[in-house]
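Numbers for residues simply follow the sequence, beginning at 1. Owing to the predicted nature of the structure, the values given are computational and were not obtained by experimental measurement. Below, all heavy atoms of this structure are taken into account, side chains as well, without hydrogens, waters or symmetry copies.
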Amino acid sequence: MRPILLINPNSSEATTSMMHGILRAALPAAIAMTSETAKRGAPMITTPADLAIAAEEVLRIGIERADEMSAIIVGAFGDPGLDALRAAVTIPVTGLGVASLRLAAEAGRRFGVATTTPGLENSIAGTVERLGLTALFTGTRLAASDPLALASNPGQQEEELAQAVRACIEADGAAAVVIGGGPLSAAAAKLAPRFRVPVISAVEAAAIEVRRMLAVN
């Protein structure tokens, strides 16, 4: 089998490395994978304008590399360029957003999203609607501080996300909570043991979905 390609649509090599490690651990050892980082755009996607630039990079990288790959994962929660790339290549393509939201909603489960990026709240709701999951969606809860400030303070980021997860569960009635962001995937792993409901890492969800798409156990 040819490798799976993880495209990081933001320009942070550190984020690529972190997501690569999480995805590698979530895939069988027999499945090869590689990662590539956007050459331009924001180091953290926080606005619709950032998503637009990221979408161009995803399409460029995906088209360039598709012939070498068995599947592609768009490594950002906003799934920039996902639909355009699916239309342009013949191999399976998924994204962190659609994969994690679908996983959260399995078996009719009510779910929420906890994230740090208020500028993408409407984008999240739009993805939920396109997937036909609005009736199960309890809403998005946001960390209190600026997303870029939190990115430089992992401890505070984890605690503020924990508060957002708690609000999803206790105030909104969510039975699963997605941590909404590729760069937040490490925090998701730390948060999961702290709660009685599933706390979903978007990167791990994408690993599950791509294995299903390729019929790999």
Side-chain angles (χ1 to χ4, degrees), residues 6 8 10 14-27 44-46 73-79 94-121 123-125 127-128 131 133-147 149-212:
L6 171 67
N8 177 13
N10 75 44
T15 297
T16 304
S17 179
M18 178 270 292
M19 292 195 297
H20 182 104
I22 293 172
L23 184 62
R24 178 65 280 166
L27 291 172
M44 182 176 182
I45 297 169
T46 61
I73 295 172
V74 178
F77 193 68
D79 296 331
T94 190
L96 303 192
V98 294
S100 57
L101 295 172
R102 277 196 282 254
L103 181 63
E106 281 189 350
R109 187 165 53 186
R110 285 168 55 78
F111 68 94
V113 172
T115 189
T116 63
T117 48
L120 300 181
E121 190 171 4
S123 174
I124 293 167
T127 301
V128 170
L131 292 173
L133 300 175
T134 301
L136 299 174
F137 184 45
T138 64
T140 297
R141 291 283 183 165
L142 298 162
S145 301
D146 176 79
L150 289 177
S152 64
N153 188 338
Q156 183 182 355
Q157 177 175 262
E158 183 180 334
E159 289 310 309
E160 292 196 16
L161 280 170
Q163 293 173 20
V165 171
R166 193 170 293 110
C168 287
I169 298 166
E170 297 178 0
D172 304 334
V177 180
V178 175
I179 303 300
L184 304 179
S185 295
K190 293 180 179 179
L191 288 167
R194 298 173 58 173
F195 294 94
R196 59 179 173 78
V197 309
V199 176
I200 294 171
S201 157
V203 173
E204 291 181 356
I208 291 169
E209 179 148 302
V210 81
R211 287 171 67 174
R212 290 172 177 173

Intermediate values then yes/no, side-chain contact (heavy atoms from CB on, under 4.5 Å), I45 and T117: CA-CA 8 Å; I45 297 169; T117 48; over 6 Å; no

Audit row: L150, Q156, side-chain contact (heavy atoms from CB on, under 4.5 Å) steps and yes/no: CA-CA 6 Å; L150 289 177; Q156 183 182 355; 3.7 Å; yes

Worked verdict on V113 versus F77 for side-chain contact (heavy atoms from CB on, under 4.5 Å): CA-CA 11 Å; V113 172; F77 193 68; 4.2 Å; yes

Working for side-chain contact (heavy atoms from CB on, under 4.5 Å), residues T115 and L142: CA-CA 5 Å; T115 189; L142 298 162; 3.6 Å; yes

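Counting only distance, with no hydrogens or angles, the side chain of S201 and the backbone of E204 share a donor-acceptor pair below 3.5 Å. Listed for the S100 side chain is no donor-acceptor partner under 3.5 Å among the backbone atoms of A202.
We find the CD1-CG distance between I73 and L27 to be 6.5 Å, quoted to the nearest 0.5 Å.
Residues V74 and V98 have side chains not in contact (no heavy-atom distance under 4.5 Å, counting atoms from C-beta outward). Contact annotation: the side chain of V165 approaches that of I179 to within less than 4.5 Å [non-hydrogen atoms, C-beta and beyond]. Two residues are said to be in side-chain contact when any heavy atoms from C-beta on lie closer than 4.5 Å; L103 and F111 fail this criterion.
Between M18 and P183, the shortest heavy-atom contact is CE-O, 3.4 Å. Contact between S145 and E160 at its shortest, heavy atoms only, is OG-OE2, 2.6 Å. Taking each heavy atom of R109 and P198 in turn, the nearest pair found is NH1-CG, 3.6 Å. Between L136 and G108, the shortest heavy-atom distance links the atoms CD2-O, 3.4 Å. Residue G112 comes nearest to A174 through the heavy atom pair N-CB, 3.7 Å, listed as atom of the first residue, atom of the second, then distance. Heavy atoms only, all atoms of each residue included: G173 and T138 are closest at C-CG2, 4.3 Å.
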Exercise answer: donor-acceptor pairs, residues 187-196 side-chain atoms, under 3.5 Å, sequence neighbours excluded:
{"from": "R194", "atom 1": "NH1", "to": "E158", "atom 2": "OE2", "distance (Å)": "3.2"}
{"from": "R194", "atom 1": "NH1", "to": "E159", "atom 2": "OE2", "distance (Å)": "3.0"}
{"from": "R194", "atom 1": "NH2", "to": "E159", "atom 2": "OE1", "distance (Å)": "3.3"}

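In this structure E106 satisfies the salt bridge (charged side-chain N to carboxylate O under 4.0 Å, His left out) test together with R212, sequence neighbours excluded. Residues satisfying the side-chain hydrogen bond (donor to acceptor under 3.5 Å, both in side chains) criterion with T116, sequence neighbours excluded, are absent altogether. Not counting sequence neighbours, the partners of N10 by the side-chain hydrogen bond (donor to acceptor under 3.5 Å, both in side chains) test are N8. Shown here are the side-chain hydrogen bond (donor to acceptor under 3.5 Å, both in side chains) partners of D172, two or more places apart in sequence or in another chain: R141. For the side-chain hydrogen bond (donor to acceptor under 3.5 Å, both in side chains) test, residues two or more places apart in sequence or in another chain that qualify with R102 are E209.
With L101 as reference, T127 is the one residue of I200, L96, T127 to meet the side chain to side chain contact (heavy atoms under 4.5 Å, CB included) rule.
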